[in-house]
Protein chains: 2
Amino acid sequence: MELRHLRYFIAVAEELNFSRAAERLHVSQPPLSRQIRSLEAELKVKLLDRNTQGVRLTRVGHAVLARSRKLVRDAESLRAEARRNREYRDPK
Amino acid sequence: MELRHLRYFIAVAEELNFSRAAERLHVSQPPLSRQIRSLEAELKVKLLDRNTQGVRLTRVGHAVLARSRKLVRDAESLRAEARRNREYRDPK
DNA sequence: CGGGCTTACGGTGTGCGTAAATATC
DNA sequence: GATATTTACGCACACCGTAAGCCCG
């Protein structure tokens, strides 16, 4: 599992539509679809219901979505803080 | 930035030695060294002091280490919870 | 010289894109 | 038949491992 999987999943969960999520991520649908499936496979959980006319989150999907958002936010925050401290290079 | 970068960094930070960290991760030193460098490049921060006789964390390195540990723990926790809820498949 | 990190250099796996297939309306 | 996701297929990039290079004791 990598952050990429979570970023992709969040996009689909928010758009509830693979096509729009793919646009937003600047990738095409097939890779997006595969990454979601691979995430579901690793977690051994179905995250989305691909029923007719649109996509819906499963119950577990909702829980994973919340945690994914937090993780990705925290990753952003890590990056931001690291860069913010750029000037504090060890004074040797 | 992916979780792999953080996992690698944590291993080096804990071992303070690329060789031992590589063993522990079941990869060889060169890939490990490159991933750390690429993380430093992305964050625009030096995380480690590779001075003679061993590796030391920079000040920023310590901060990033703490956040990395939390992130990786949270990722583990996400995976664990998802699997735990495996049985709660949507009752349709 | 010896231990340990980095650079060089190929090989391979994994993600990506285009195109075809499938499904539901 | 139109829209939307998935499968097929080939390619390219990025990670990996082996081997050579450096650096500091």
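Per chain, numbering begins at 1; letters A, B, ... match sequence-line order. Source: prediction; values computed, not measured.
Whole-Å rounding puts the A:Q35 CD to D:dT6 C1' distance at 14 Å. Look at CZ on A:R37: it is 17 Å from C1' on C:dG15, rounded to the nearest Å. Taking atom CD1 on A:I36 and atom P on C:dG15, their separation rounds to 13 Å, with Å as the unit. Summarising the geometry, the separation between CD on B:Q29 and C1' on D:dC22 is reported as 15 Å, rounded to the nearest angstrom. Residue B:Y8 contributes atom OH, which lies 12 Å from atom C1' of D:dA14 at whole-angstrom precision. Atom-to-atom, CE of A:M1 to P of C:dT14 comes out at 18 Å; the value is rounded to the nearest Å. Distance CZ (B:R7) to P (D:dC15): 14 Å, rounded to an integer number of Å. Across the protein-nucleic acid pair, A:L39 atom CG and C:dT14 atom P stand 16 Å apart, rounded to whole Å.
Closest-nucleotide positions on DNA chain C for A:P30 and A:H5 were compared, and the one nearer the 5' end corresponds to A:H5. Ranked by how close their nearest DNA chain D nucleotide is to the 5' end, A:R34 and A:G54 are led by A:G54.
At a threshold of 4.0 angstrom between heavy atoms, the contacts of B:N51 with the nucleic acid are absent. When heavy atoms are screened at a 4.0 angstrom cut-off, A:S28 is found touching base atoms of the nucleic acid.
Nearest to the side-chain atoms of A:F18 among the listed nucleotides D:dT6, C:dT6, C:dG17 stands D:dT6. Counting only heavy atoms from C-beta on, B:P31 has its side chain closest to D:dG17 among D:dG17, C:dG4, D:dT6. Of the candidate nucleotides C:dG17, D:dT5, D:dT6, D:dT6 has the atom nearest to the side chain of A:S33.
For B:E23 and B:R20, the salt-bridge test fails: no basic side-chain N is under 4.0 Å from an acidic carboxylate O. With salt bridges taken as basic N to acidic carboxylate O contacts below 4.0 Å, one links B:R79 and B:E76.
Taking side-chain N and O atoms only, B:S19 has a distance below 4.0 Å to OP1 or OP2 of C:dC5. For the pair A:R50 and D:dA4, the criterion of a side-chain N or O lying under 4.0 Å from OP1 or OP2 is not met.
The side chain to side chain donor-acceptor pair (under 3.5 Å) test with A:Q35 is passed by exactly one of A:H5, A:E40, A:R7, A:E2: A:H5.
The nearest pair of heavy atoms linking B:A22 to B:Q29 is CB-N, 3.8 Å.
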- Query: Run the side-chain contact (heavy atoms from CB on, under 4.5 Å) check on A:Y8 and A:V27 step by step: do they pass?
  - Reply: CA-CA 10 Å; A:Y8 282 16; A:V27 298; 3.5 Å; yes
